[in-house]
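We number each residue from 1, following the sequence as shown.
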Amino acid sequence: MAMTPNDTPDRPILFSPMQIGKLRLPNRIVVAPMCQYSAVDGNAVDWHAIHLGSLAISGAGLLCIEATAVQREGRITPGCLGLYGDENLTAMQRLVAALRSVSGIPLAIQLSHSGRKTSMRRPWDGGSHIPPEEGGWQPRGPSSIQRVPGEPVPDAFSLSDIRGIRDSFAAAAQRSCAAGVDAIELHMAHGYLLHQFLSPLSNQRLDEYGGSAKNRMRFPLEVFQAVREAAGPGVPVGVRLSGTDWADGGWDIEQAIEMAKELEALGCAFLDISSGGILHGQKIANIGPGYQVPLAARIKAAVDIPVIAVGLITCPEHAEAILEACDADLIALARGFLNEPRWPWRAAAKLGATVNAPPQLWRALPLGHAPIFARKDGIQ
């Protein structure tokens with residue numbers, strides 16, 4: 001259950017347990033999914049095991065594997081993870097087994113399709129579009145609306161294409177469960193396909209999947225239902241939802257609240273609230289630590305399922321304050337973890353809490369440091 005202002009859990013809240021569906025988290029710190037652009041043909045490689053392995057022993061309550069494409073052409077770059085074939089599943093099973101061998105941290109995976117935001121070079125290679133003659137592919141989306149000047153105009157998906165994508169999401173959910181993950185997050189933000197259907201800036205279809213907010217929500221809700229059914233009752237399915245496009249005439253918080261209510265009614269286990277990404281040159285107001293928290297707070301006030309806040313949250317005291325204000329139920333970090341893979345250690349020290357850590361690391365703290373490790377031998 002999500003926390004309400006009347007609840008008085010033991011302090012600090014950041015290190016209190018959290019229930020998401022049937023999954024119990026030891027604390028409310030989430031390692032957000034972070035694209036590494038390092039896969040080969042959609043397959044996880046050694047980099048993923050080393051990168052995620054470090055985060056798996058961080059003491060966080062949940063680790064989410066990066067955006068994983070449900071179709072080959074649904075990858076953002078040729079280096080993105082995928083779960084569209086048996087070879088991808090075998091590689092993901094190896095990755096999950098490696099993480100399980102060093103940590104009992106709950107594992108989630110983010111399933112996505114990039115839509116028109118696809119066939120891109122890796123960020124450190126410039127991030128520009130890769131044309132088909134150089135190994136790329138033609139972008140496709142809800143409508144034939146160009147994303148960035150100079151990029152090709154995407155082809156619009158047919159109704160048959162839409163049904164095929166829905167089925168690909170369901171198949172990827174089945175593979176996720178076969179790989180052994182504990183939870184699934186659907187990506188409906190950051191300008192990728194499901195967000196493209198939601199936003200009137202990228203969806204100008206004239207059929208049942210375009211026009212009114214209800215119609216624009218139709219396909220993402222169909223995908224959620226298909227994934228929820230494919231995952232089965234034992235695996236919580238949540239959504240990374242965009243709170244706003246930061247643009248006039250685009251997706252906004254009022255529409256996001258209605259979408260959140262629809263998702264909750266269909267059995268959504270949690271909502272992870274982000275924003276932006278649909279429009280090149282978006283104007284984000286007051287960007288800074290916690291700039292997206294007001295969006296999470298608005299949605300939390302409208303639903304009874306756990307809500308995750310994200311967005312430049314790096315200070316433990318700030319994370320705790322967000323939870324104390326009941327603006328969110330969990331806190332997700334991305335860049336903060338890249339910079340400081342054991343961020344929960346510092347948070348535990350700052351807030352006077354304990355954190356799980358492998359016994360191989362129990363000697364890490366200097367003499368006289370306040371005890372932060374939850375050791376079974378009782379020795380700190």
Checklist entry - Shared ILVMFWY cluster between Leu241 and Ile284, side chains joined below 4.5 angstrom? => result yes

Checklist entry - Are Arg216 and Ser199 close enough, and set up right, to give a side chain to side chain donor-acceptor pair (under 3.5 Å), and what steps lead you there? => result CA-CA 7 Å; Arg216 286 183 276 111; Ser199 175; over 6 Å; no

Checklist entry - Any donor and acceptor pair, going by atom type alone, linking the side chain of Gln255 with main-chain N or O of Gly250 inside 3.5 Å? => result yes

Next on the checklist: Is it true that, when you exclude Gln204 itself, more than 12 heavy atoms of the residues, nucleotides or ligands shown sit nearer than 6.0 Å to its CD?
Outcome noted: yes

Next on the checklist: Can you tell me how far apart CG (Asn43) and CE (Met92) are? Round to the nearest 0.5 Å.
Outcome noted: 9.0 Å

Next on the checklist: Could you go through Asp329 and Lys300, starting from their C-alpha distance and side-chain angles, then the distance that decides it, and tell me whether this counts as salt bridge (Lys or Arg N to Asp or Glu O under 4.0 Å)?
Outcome noted: CA-CA 8 Å; Asp329 300 288; Lys300 177 172 167 51; 3.0 Å; yes

Checklist entry - Above 12 or not: heavy atoms from other molecules or residues under 6.0 Å from CZ of Arg346? => result yes

Next on the checklist: Apply side-chain contact (heavy atoms from CB on, under 4.5 Å) to residues Gln174 and Cys177 and explain how you reach the verdict.
Outcome noted: CA-CA 5 Å; Gln174 291 176 328; Cys177 295; 5.9 Å; no

Item to check | Short side-chain donor-acceptor distance under 3.5 Å, Ser128 and Arg121 | outcome: yes

Checklist entry - Are Ile331 and Leu295 connected in the hydrophobic side-chain network, where two residues link if heavy atoms are under 4.5 Å apart? => result yes

Checklist entry - According to a 4.5 Å side-chain heavy-atom criterion applied to Ile, Leu, Val, Met, Phe, Trp and Tyr, with indirect links allowed, do Val181 and Tyr84 form part of one hydrophobic cluster? => result no

Checklist entry - Counting distance only, does the side-chain N/O of Lys117 pair as donor-acceptor with the main-chain N or O of Ile278 below 3.5 Å? => result no

Item to check | Test item: Thr118 side-chain N/O and Glu73 main-chain N/O as donor-acceptor pair under 3.5 Å | outcome: yes

Item to check | Pairwise distance CZ(Arg205) to CZ(Phe197) - rounded to 0.5 angstrom | outcome: 5.0 Å

Checklist entry - Distance from Glu320 atom CD to Leu14 atom CG, nearest 0.5 Å? => result 6.0 Å

Item to check | Any Pro220 side-chain heavy atom under 4.5 Å of Leu198 side chain | outcome: yes

Next on the checklist: Please determine whether the number of non-hydrogen atoms from other residues, nucleotides or ligands lying under 6.0 Å from atom CG of Asp207 exceeds 12.
Outcome noted: yes

Checklist entry - Any side-chain donor paired with an acceptor under 3.5 Å for Ser274 and His190? => result yes

Item to check | Worked verdict on Ile372 versus Thr354 for side-chain contact (heavy atoms from CB on, under 4.5 Å) | outcome: CA-CA 4 Å; Ile372 65 168; Thr354 59; 5.6 Å; no

Checklist entry - Do Ser112 and Leu193 pass the side-chain contact (heavy atoms from CB on, under 4.5 Å) test, and can you show the C-alpha distance, the side-chain angles, and the key distance before you say yes or no? => result CA-CA 8 Å; Ser112 183; Leu193 180 63; over 6 Å; no

Checklist entry - Do Gln71 and Ser168 pass the side chain to side chain donor-acceptor pair (under 3.5 Å) test, and can you show the C-alpha distance, the side-chain angles, and the key distance before you say yes or no? => result CA-CA 7 Å; Gln71 292 185 339; Ser168 293; 3.0 Å; yes

Next on the checklist: Please check: side-chain N/O of Trp345 versus main-chain N/O of Val355, any donor-acceptor pairing under 3.5 Å?
Outcome noted: no

Checklist entry - Glu258 and Lys261: salt bridge (Lys or Arg N to Asp or Glu O under 4.0 Å), yes or no, with the steps? => result CA-CA 5 Å; Glu258 291 307 309; Lys261 292 177 179 178; 3.8 Å; yes

Checklist entry - So do the side chains of Ile273 and Ile299 get within less than 4.5 Å of each other, counting heavy atoms only? => result yes

Item to check | Short side-chain donor-acceptor distance under 3.5 Å, Gln282 and Asp245 | outcome: no

Item to check | Beyond-backbone contact of Val153 with Ile145, side-chain heavy atoms, under 4.5 angstrom | outcome: no

Item to check | Member of His187, Gln110, Arg240 meeting the side chain to side chain donor-acceptor pair (under 3.5 Å) criterion with Asp272 | outcome: Arg240

Checklist entry - Can you tell me if Ser158 uses its side chain to pair, donor with acceptor, with the backbone of Ala156 under 3.5 Å? => result no

Item to check | Whether over 12 other heavy atoms sit under 6.0 Å from Arg335 CZ | outcome: no

Checklist entry - Any sub-3.5 Å donor-acceptor pair from Gln146's side-chain atoms to Glu151's backbone N or O? => result yes

Checklist entry - Is any side-chain heavy atom of Gln138 less than 4.5 Å from a side-chain heavy atom of Arg116? => result no

Next on the checklist: Test your reading of the model: is there a side-chain donor-acceptor pair from Trp251 to the backbone of Ser242, 3.5 Å cut-off?
Outcome noted: yes

Next on the checklist: Can you tell me how the ring of His113 sits relative to the ring of Phe169, calling it parallel under 30°, perpendicular over 60° and tilted otherwise?
Outcome noted: tilted

Item to check | From CA spacing to verdict: salt bridge (Lys or Arg N to Asp or Glu O under 4.0 Å), Arg218, Glu208 | outcome: CA-CA 8 Å; Arg218 189 185 308 275; Glu208 64 266 38; over 6 Å; no

Next on the checklist: Looking at Trp47, I'd like to know if its CH2 atom is crowded, meaning that more than 12 non-hydrogen atoms belonging to other residues, nucleotides or ligands lie closer than 6.0 Å.
Outcome noted: no

Checklist entry - In Å, rounded to the nearest 0.5 Å, how long is the span from CZ of Arg166 to CZ of Phe224? => result 15.5 Å

Next on the checklist: Would you say that Leu365 contacts Phe373 through its side chain, given a criterion of any heavy-atom pair below 4.5 Å between the two side chains?
Outcome noted: yes

Checklist entry - Do Trp343 and Ser58 pass the side-chain contact (heavy atoms from CB on, under 4.5 Å) test, and can you show the C-alpha distance, the side-chain angles, and the key distance before you say yes or no? => result CA-CA 7 Å; Trp343 185 88; Ser58 66; over 6 Å; no

Item to check | CG on Leu330 to CD1 on Ile13, rounded to 0.5 Å | outcome: 11.5 Å

Next on the checklist: Quick check on the hydrophobic clustering: are Val40 and Trp137 connected, directly or via other members, by side-chain heavy-atom contacts under 4.5 Å?
Outcome noted: no

Checklist entry - Yes or no on salt bridge (Lys or Arg N to Asp or Glu O under 4.0 Å) for Lys22 and Asp182, after CA distance, side-chain angles and deciding distance? => result CA-CA 9 Å; Lys22 295 184 178 180; Asp182 300 301; over 6 Å; no

Checklist entry - Side chains of Glu222 and Tyr209: is there a donor and an acceptor less than 3.5 Å apart? => result yes

Next on the checklist: Under a 3.5 Å threshold, yes or no: a donor from one side chain and an acceptor from the other, between Trp246 and Ser275?
Outcome noted: yes

Checklist entry - Does a side-chain heavy-atom distance below 4.5 Å link Met188 with Met259? => result yes

Next on the checklist: Same cluster or not: Leu361 versus Ile29, using hydrophobic residues (I, L, V, M, F, W, Y) connected whenever any side-chain heavy atoms lie under 4.5 Å apart?
Outcome noted: yes

Next on the checklist: Tell me whether His280 at atom NE2 has more than 12 heavy atoms from other residues, nucleotides or ligands lying less than 6.0 Å away.
Outcome noted: no

Next on the checklist: I'd like to know if the side chain of Gln196 reaches the main chain of Ser114, judged simply by a donor and an acceptor atom lying under 3.5 Å from each other, with no hydrogens or angles considered.
Outcome noted: yes

Checklist entry - In Å and rounded to the nearest 0.5 Å, what is the CG to CG distance from Leu186 to Leu263? => result 8.5 Å

Next on the checklist: Checking side chain to side chain contact (heavy atoms under 4.5 Å, CB included) between Val293 and each of Leu312, Val310, Ile322, which is the one that passes?
Outcome noted: Ile322

Checklist entry - Side chains of Leu271 and Pro306: closer than 4.5 Å at any heavy-atom pair? => result no

Checklist entry - Within the side chain of Gln36, is there an N or O that forms a donor-acceptor pair under 3.5 Å with the backbone of Met34? => result yes

Item to check | Donor-acceptor contact below 3.5 Å, side chain Arg75 vs main chain Leu81 | outcome: no

Checklist entry - Is the closest side-chain heavy-atom distance between Asp41 and Glu87 below 4.5 Å? => result no

